[in-house]
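Source: prediction; values computed, not measured. In the text below, chain A, chain B and the rest are named by the order of the sequence lines, each starting its count at 1.
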Protein chains: 2
Amino acid sequence: MARKTGSHSEITGPRIRAEASRLFARHGFAAVSMRQIAAAVGVQAGALYLYTPDKEALLFDLLKTHMDELLAAWAEVPRGTGALTALEAFVRFHIRHNLPRAEAVFLSYMELRNLSESNFAVIEALRRAYETELETILRAGQAEGVLALPDPKLAAMAIIAMLTGVNTWYREGGRLSRETVETIYWDMVRKAVGA
Amino acid sequence: MARKTGSHSEITGPRIRAEASRLFARHGFAAVSMRQIAAAVGVQAGALYLYTPDKEALLFDLLKTHMDELLAAWAEVPRGTGALTALEAFVRFHIRHNLPRAEAVFLSYMELRNLSESNFAVIEALRRAYETELETILRAGQAEGVLALPDPKLAAMAIIAMLTGVNTWYREGGRLSRETVETIYWDMVRKAVGA
DNA sequence: GTCTATAGGTTGATAGAC
DNA sequence: GTCTATCAACCTATAGAC
């Protein structure tokens, strides 16, 4: 297919999102200017506005895409028949999925406050849907009698916080492989919920 | 003691820190201007520079004070004789201490990236010292044979992440009292480390 | 699709009056 | 100890040329 000189819409769009994600995660949304993002991409600031109506929409797009991908990826994970296999699947999935997405995970926690009220509500609902996935597994485990926990909602929050925490210290090529980390965390979660 | 009219150094200093903490936590360090802080305190922007050499020093002061208070408060907690009572003391202390300090806890996580390299190193060292406190308890528990865990370092990171996560969802006057939350989390931690 | 130029406003920090 | 006034630099977003 012929392409006009200087026309790169299929490349520039994704590159803007990638550089914005990197810069927002490193310096914070408010600390990063549109000029900086443009410079990292290799265009002038004005060109960014062909791809996003404004700066906040760019952030929202990053967070929304991250949450959509998270929920879609989880929906495709095979989770066996019982609550226990489902719980193990969730624990391993959460670590495996989020570890290579440290920037987006960090943004989804830290930069929610820079969204408009309605955009915030969208992300918040998706986050809650994900938490409910785990809570449902825990309640099923209680009903099956294979789990013993004082409070499924708190257990869900505790487990997700614990698993997401891996992102803060894990370094590729460090002491432990991602596989080993998964197994160690699964061991702690399994015991914590009385399995 | 006589005091000149318009002289409020003993009041203005703390108020600047309080308002800065509140605004930084709500909107992010970079998103808050010195003028906004000054307006919240009820002075003009120029007056802030009597109390801090620059904006970053104000942030550093907040984080340093928070970490110093955390370590000092933990040093005074009675922790019984064995590793198990020490672990329970740590779990309850962490929740009890951090819950009324949500702003400072959030800042200490999120705004580290806005510190200079040397100021960052100071906070990082204090954070690591706190983590080591827990790790030491876990290793002692292993040695005593009262705990069974695959990796004390990972367990320490997992426990702290889990406990700090309480701050993200706990609301005063909600479904559960702080006391109940402490007990539920202690139950999960105790099981997770094989006690 | 990208550039240059620009409008209109805010920023951190300082100087000097009181 | 605080205020007012100010500087130079930077910001987001848009208009119009190519």
Closest nucleotide among C:dT11, D:dA13, D:dT2 to the A:K55 side chain: D:dA13

Among C:dT2, C:dT11, D:dC3, the one nearest A:Y51 by side-chain distance: C:dT2

What integer distance in Å separates [X]:[atom1] from [N]:[atom2]?
X	N	atom1	atom2	result
A:L58	D:dA13	CG	P	10 Å
B:L50	D:dT2	CG	P	7 Å
B:M34	D:dC10	CE	P	19 Å
A:I37	D:dC11	CD1	P	11 Å
A:D54	D:dC11	CG	P	17 Å
B:F29	C:dG12	CZ	C1'	10 Å
B:R15	D:dG1	CZ	P	16 Å

Ring centers of B:F106, A:Y109 separated by less than 6.0 Å: no

Taking NZ, NE, NH1 and NH2 as the nitrogens, is one of them in [X] or [Y] under 4.0 Å from a carboxylate oxygen of the other?
X	Y	result
B:R22	B:E19	yes
B:E124	B:R127	yes
B:D61	B:K64	no

For DNA chain D, whose closest nucleotide is more 5', that of A:P53 or that of A:Q36? A:Q36

Short side-chain N/O contact from [X] to OP1 or OP2 of [N], under 4.0 Å:
X	N	result
B:T12	D:dT2	yes
A:Q44	C:dT4	yes
B:S33	C:dT10	no
B:Y49	D:dG1	no

Classify the nucleic acid contact of B:V32 as base, sugar-phosphate or nothing, counting any heavy atom under 4.0 Å across all strands shown. sugar-phosphate

Quick one: does any side-chain atom of B:R15 pair with a main-chain N or O of B:V41 as donor and acceptor, under 3.5 Å? yes

